[in-house]
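Numbers here are sequence positions counted from 1.
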Amino acid sequence: INTDKDMAEEADIWKKNYVAEIALSKDGKFIYCSNRGYDTLAVFKVSQSDGTLKPISYVSTYGKTPRHFSITPDNKYLIGANQDSNNIIIFKRDLESGKLTMINKYENIISAPNYVLFTPFNIAQIEKNQNSVNNNKENVNNIIHQKLSNSLKSSKQRRTRYSPTILMLFCLILGVLCKMLLSV
């Protein structure tokens, strides 16, 4: 898959740009590829008749070295982890075009994030709860960010690299925390 065909400017671009993660949307219509070097996500439409790929867009990851990303179980969002800029990005997916729009960026809540994992929440219940707090959306984001920052303060100071098991536990705790906050 040529994830940077239209972006190549130098003859040796293949030495500078690497794919880290490839994912198929839950509906099978789009493929997403992260590009380290350009720090972008490439979006491709999958032909339903023969499986060929058509480039749709390239979107900034709003950070350095996109390590991993996942599409949410409801297929509406893509969450990315940028390892070298210590941020997590949330994109809203356009279900018809596959295009991504950045809706939130969490800075320095974890050192060198490198994996995104989802827990099996009841998405319909979360959306219902989100609708009931639409006026307080900014408040909820601030509370989540504050709680995450406080709980990870010591790890930020140490800049310790954690094992994948510890990071998966963190993601599970993050999911539980989000569920608790959204159910308020």
Side-chain angles (χ1 to χ4, degrees), residues 1-8 17-83 85-107 109 113-142 144-145 148 171 174-175 178-179 181-183:
I1 300 172
N2 185 357
T3 63
D4 63 358
K5 182 175 104 178
D6 297 331
M7 299 176 76
N17 194 53
Y18 307 95
V19 172
E21 180 68 21
I22 299 174
L24 181 66
S25 61
K26 308 287 188 248
D27 57 13
K29 294 180 180 179
F30 301 98
I31 287 183
Y32 298 88
C33 302
S34 62
N35 291 308
R36 293 182 186 176
Y38 283 129
D39 297 326
T40 61
L41 290 169
V43 182
F44 297 90
K45 184 174 179 81
V46 179
S47 168
Q48 299 302 301
S49 61
D50 64 4
T52 58
L53 302 179
K54 176 184 172 190
I56 300 296
S57 68
Y58 301 92
V59 178
S60 172
T61 60
Y62 298 91
K64 293 180 183 173
T65 316
R67 175 72 180 188
H68 190 264
F69 64 85
S70 287
I71 298 171
T72 57
D74 65 357
N75 215 27
K76 293 181 182 179
Y77 301 93
L78 183 145
I79 314 298
N82 291 308
Q83 181 175 349
S85 56
N86 300 322
N87 61 21
I88 296 172
I89 306 301
I90 301 174
F91 293 95
K92 178 134 176 92
R93 289 188 60 246
D94 182 309
L95 300 178
E96 296 302 314
S97 71
K99 291 184 179 180
L100 301 172
T101 304
M102 195 270 285
I103 60 170
N104 214 337
K105 180 178 182 179
Y106 292 96
E107 299 277 356
I109 61 171
N114 63 22
Y115 196 77
V116 178
L117 176 71
F118 295 99
T119 59
F121 289 139
N122 181 339
I123 299 299
Q125 183 62 42
I126 291 172
E127 287 179 348
K128 179 180 173 186
N129 291 340
Q130 284 175 335
N131 289 336
S132 69
V133 293
N134 267 345
N135 294 334
N136 297 323
K137 187 175 183 180
E138 186 175 323
N139 237 0
V140 170
N141 283 335
N142 289 338
I144 291 171
H145 183 74
L148 289 173
C171 290
L174 173 64
C178 290
K179 182 176 181 181
L181 286 172
L182 292 174
S183 65

*Asks:* Under the side chain to side chain donor-acceptor pair (under 3.5 Å) rule, collect the residues that match up with R93, sequence neighbours excluded.
*Replies:*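 In terms of side chain to side chain donor-acceptor pair (under 3.5 Å), with neighbours along the sequence ignored, R93 is linked to Y32, N75.
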*Asks:* Can you tell me how far apart NZ (K92) and CG (N104) are? Round to the nearest 0.5 Å.
*Replies:*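 Spacing of NZ (K92) from CG (N104) equals 13.5 Å.
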*Asks:* To the nearest 0.5 Å, what is the distance between CD1 on I89 and NZ on K105?
*Replies:*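 NZ of K105 is found 5.0 Å from CD1 of I89.
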*Asks:* Does S49 have any side chain to side chain contact (heavy atoms under 4.5 Å, CB included) partners at least two apart in sequence or in another chain, and if so, which?
*Replies:*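 Side chain to side chain contact (heavy atoms under 4.5 Å, CB included) list for S49, sorted by chain: S47.
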*Asks:* Side chains of C33 and E21: closer than 4.5 Å at any heavy-atom pair?
*Replies:*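 C33 does not reach E21 side chain to side chain.
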*Asks:* Any non-hydrogen side-chain atom of V59 less than 4.5 Å from a side-chain atom of T40?
*Replies:*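 V59 vs T40: side chains apart.
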*Asks:* By side chain to side chain donor-acceptor pair (under 3.5 Å), which residues pair with S60, not counting sequence neighbours?
*Replies:*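 S60 satisfies side chain to side chain donor-acceptor pair (under 3.5 Å) with no other residue.
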*Asks:* Of the non-hydrogen atoms in D27 and S25, which two are nearest, and what is the gap between them?
*Replies:*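 Scanning both residues completely, I find the closest heavy atoms to be OD1-OG, 2.5 Å.
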*Asks:* In chain order, what residues pass the side chain to side chain donor-acceptor pair (under 3.5 Å) check against D39, with sequence neighbours excluded?
*Replies:*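 For D39 there are no side chain to side chain donor-acceptor pair (under 3.5 Å) partners, ignoring immediate neighbours.
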*Asks:* Within a 6.0 Å radius of atom NZ on K26, are there more than 12 heavy atoms belonging to other residues, nucleotides or ligands?
*Replies:*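 Above 12, so yes.
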*Asks:* For the OG1 atom of T61 and the CE atom of M102, what is their distance to the nearest 0.5 Å?
*Replies:*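 The distance works out to 10.5 Å.
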*Asks:* How far does OG of S97 sit from CZ of F30, to the nearest 0.5 angstrom?
*Replies:*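 That separation rounds to 6.0 Å.
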*Asks:* What residues form a side chain to side chain contact (heavy atoms under 4.5 Å, CB included) with Q48, not counting sequence neighbours?
*Replies:*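 Only K29, V46 meet the side chain to side chain contact (heavy atoms under 4.5 Å, CB included) criterion with Q48.
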*Asks:* Would you give the length of the straight line joining atom CD1 of I56 to atom CG of D94, rounded to the nearest 0.5 angstrom?
*Replies:*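 Spacing of CD1 (I56) from CG (D94) equals 10.5 Å.
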*Asks:* Could you check N35 against L41 for side chain to side chain contact (heavy atoms under 4.5 Å, CB included), going step by step and ending with a plain yes or no?
*Replies:* CA-CA 6 Å; N35 291 308; L41 290 169; over 6 Å; no
*Asks:* Please report the closest heavy-atom contact between A20 and R67, naming both atoms and the distance.
*Replies:*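 Closest approach of A20 to R67, heavy atoms only: CB-O, 3.7 Å.
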*Asks:* Could you tell me the separation between the NZ atom of K45 and the OG1 atom of T52, rounded to the nearest 0.5 Å?
*Replies:*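 Answer for the NZ-OG1 pair, K45 versus T52, is 11.0 Å.
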*Asks:* Which residues pass the side chain to side chain contact (heavy atoms under 4.5 Å, CB included) test with I79, not counting sequence neighbours?
*Replies:*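 T72, Y77, I88, I90, V116, F118.
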*Asks:* Which residues pass the side chain to side chain donor-acceptor pair (under 3.5 Å) test with S70, sequence neighbours left out?
*Replies:*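 With sequence neighbours excluded, S70 shows a side chain to side chain donor-acceptor pair (under 3.5 Å) to no residue whatsoever.
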